[in-house]
Undergrad: 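I'd like to ask some things about the structure below.
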Amino acid sequence: MDEFYIGAALLLLLTMAGGLVRVAVGPSPADRMMAAQLLGSSGIGILLLLAAALGIPALFDVALIFALLAVINVAAFTRRRVDEGSGA
Amino acid sequence: METMLLLFDALLLLTTIPLALVTVTSPEPRRAVMLFIAFTLTLALIWARLAAPDVALAEAAVGAGLGGALMLAAARRAARVSAADTALYGGTPPTADRGTDDRQA
Amino acid sequence: MIDLTTLTPLINGLSVLLISAGAFFFLAGTVGLLRLPDLHSRLHALTKADNLGLGLVVLGVLPRVPDVLYGIKLLLLWIMVLVAGATGAHLIAKRALRGEGEPR
C-alpha cells in the first residue's frame, strides 16, 4: 500500500515538473501565477501522500501551510495598485 | 518501496536544480520572483523528504508565503521605477515594446 | 460491533481508486495547462485539477490519518482550497481581462 502512495506521489511530481515549464515560459504574468497555483496544489497532494506513506503526521500541517501561502501569493499578485498613475 | 523513494528523490533533484538555475539567470524581476516561489515549493518538498517537517513548515511559510508576497510587490515597484527612469533620462519611451513581455509600461 | 480488520481490503481498494482518480485529474490539468491555446481556457483546465484532483487525493488519504483531529484538518484543508481556488481563479481572470497595464 505504501508503494502505491509513493507511486502516486511520483506521478504528481511528474505533473509538477510539467507545470514548471509553464511557469518558465508562460507568456503573461497571469499564466505564470496560475501555473504556480497548480504547483502549490500538486505540492499539497504530494505532501499528503508522503505523510501517509512515511508515517509522519506533521507533514499534514506542512500541507496546510502550502494551502495558506497559495492564498497569500494570489492576493499579493492580484492586488490593485491604488497609487497607479501617480508616478513612482 | 526503496526504489520508488530513490526515483522520487532523483526526480525531485532533477526538477529543483534546473529550476534554481533558471531562477538565478532570469533577467526579468517578476518572472524571477514567480520562479522563486515555485523553487521554494520544491525545496519544502525536499525538506519533507528529509523527514524534517518543521524545517519544511518554516521554509513554506517564510520562503514562499511572506517572501514571495513581499518580493512580488518589490518587483512590481522596481519595474515601475525603471520605466519612470527611462521616461526621465531618455532612451526608449516606456510605452514602447522593449522585448520583455512582463515589463510594465 | 463488526470486526474492522475484515473491512481493510475494501478500504484499501477504495483508497487506491480515489487516489488514482485524483492523480488522473492532476495529469489532465497539467496537460491542459501546457497544451490549451489561451489564458482563459488554461485557467479552466487548472481549476478542475485544483478542486477535484486534490479533493479525491484527500479522500483517498483519509483512511490513513492517525486520529480524528487530522481527518477534520484534512477536510478543512480541502474546503479552504476550494474557496481559495475559486476566488483566486476569478481574480486572475478579471485582472487578465481588464489588462491592468500589461500586455495580453
Side-chain angles (χ1 to χ4, degrees), chain A residues 2-7 9-10 13-14 16-20 22-29 31-33 35-40 42-44 46-47 50-51 53-77 79 81 83-84 87-88, chain B residues 1-5 7-8 11-12 14-16 18-19 22-23 26 28 30-31 33-35 37-42 44-45 47-49 51-73 76-77 80-85 87-88 101-102 104:
Chain A
D2 288 348
E3 292 253 357
F4 173 74
Y5 284 132
I6 302 280
L10 196 61
L13 192 62
L14 268 177
M16 209 170 161
L20 279 175
R22 183 52 83 183
V23 182
V25 305
S28 74
D31 274 312
R32 295 208 170 100
M33 199 62 227
Q37 222 185 341
L38 178 68
L39 289 189
S42 33
I44 296 173
I46 293 173
L47 281 174
L50 278 185
L54 304 179
I56 312 176
L59 289 184
F60 289 127
D61 299 333
V62 183
L64 201 59
I65 295 291
F66 263 48
L68 257 178
L69 72 89
V71 177
I72 293 176
N73 280 331
V74 170
F77 176 73
R79 196 168 55 113
R81 295 178 285 283
D83 54 346
E84 182 80 344
Chain B
M1 180 86 182
E2 290 304 316
T3 47
M4 289 296 247
L5 278 177
L7 261 175
F8 186 85
L11 187 59
L12 201 54
L14 277 182
T15 54
T16 306
L19 182 60
V22 171
T23 307
S26 170
E28 207 278 325
R30 296 186 72 188
R31 179 168 180 263
V33 172
M34 283 178 203
L35 283 167
I37 293 174
F39 169 72
T40 316
L41 290 179
T42 58
L45 281 184
W47 285 123
R49 184 61 198 90
D54 40 359
V55 188
L57 204 74
E59 178 70 48
V62 176
L66 276 175
L70 287 177
M71 277 191 279
L72 267 180
R76 173 191 296 152
R77 219 152 281 188
R80 213 184 317 155
V81 167
S82 75
D85 281 352
L88 266 181
D101 47 11
D102 293 57
Q104 296 207 5

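We name chains A, B, ... by the order of the sequence lines, and we start the count at 1 in each one. This is a predicted model, so every value here is computed, not measured.
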Undergrad: Which atom pair, heavy atoms only, marks the closest approach of M4(B) to E3(A)?
TA: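 That would be CG-OE1, 3.7 Å.
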Undergrad: Output, in order, the C-alpha distance, side-chain angles, deciding distance and verdict of side-chain contact (heavy atoms from CB on, under 4.5 Å) for F8(B) and L50(A).
TA: CA-CA 11 Å; F8(B) 186 85; L50(A) 278 185; 4.0 Å; yes
Undergrad: Does any part of the side chain of L54(A), heavy atoms only, come nearer than 4.5 Å to the side chain of R49(B), both counted from C-beta?
TA: yes
Undergrad: Sort L57(B) into side chain, backbone, both or neither according to what part of it lies under 4.5 angstrom from a heavy atom of chain A.
TA: both
Undergrad: Quick one: closest heavy-atom pair of I56(A) and P53(B), and the distance?
TA: CG2-CG, 3.9 Å
Undergrad: Among L45(B), V22(B), L66(B), D54(B), which residue forms the greatest number of heavy-atom pairs with chain A at distances under 4.5 Å?
TA: L45(B)
Undergrad: Is L39(A) in contact with chain B via its backbone, its side chain, both, or neither, using a 4.5 Å heavy-atom distance?
TA: both
Undergrad: Go through the atoms of L14(A) and report whether side chain, backbone, both or neither lie under 4.5 Å from a heavy atom of chain B.
TA: both
Undergrad: Nearest 0.5 Å please: distance from the CD atom of Q37(A) over to the CD1 atom of I37(B).
TA: 11.0 Å
Undergrad: Quick check on the interface: out of I46(A), L68(A), L64(A), V71(A), who has the most heavy-atom pairs with chain B under 4.5 Å?
TA: I46(A)
Undergrad: Measuring heavy-atom distances to chain A, does L72(B) have an atom under 4.5 Å in its side chain, in its backbone, in both, or in neither?
TA: side chain
Undergrad: With a 4.5 angstrom heavy-atom cut-off, is it the side chain or the backbone of M16(A) that approaches chain B, or both, or neither?
TA: side chain
Undergrad: With a 4.5 angstrom heavy-atom cut-off, which part of L70(B) approaches chain A: side chain, backbone, both or neither?
TA: neither
Undergrad: Under 4.5 Å, counting heavy-atom pairs only, tell me which of A38(B), P18(B), A64(B), A44(B) racks up the most with chain A.
TA: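 If we count pairs closer than 4.5 Å to chain A, A64(B) comes out on top.
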Undergrad: Between A51(B) and chain A, with a heavy-atom cut-off of 4.5 Å, which part of the residue counts as in contact: side chain, backbone, both or neither?
TA: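 Both parts, backbone and side chain.
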Undergrad: What heavy-atom pair brings L69(A) and A60(B) nearest, and what distance separates the two atoms?
TA: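 Scanning both residues completely, I find the closest heavy atoms to be CD2-O, 3.1 Å.
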Undergrad: As an exercise: rank I65(A), N73(A), I72(A) by heavy-atom pairs under 4.5 Å with chain B and give me the winner.
TA: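 Heavy-atom pair counts peak at N73(A).
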Undergrad: With a 4.5 Å cut-off on side-chain heavy atoms, are R76(B) and F77(A) touching?
TA: no
Undergrad: At a heavy-atom distance under 4.5 Å, which candidate from A24(A), A51(A), A17(A), G7(A) has the highest pair count against chain B?
TA: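 Option with the greatest count: A24(A).
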Undergrad: Give the minimum heavy-atom separation between A36(A) and L41(B), together with the two atoms involved.
TA: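 Nearest pair, atom of A36(A) first, then L41(B): O-CD1, 4.3 Å.
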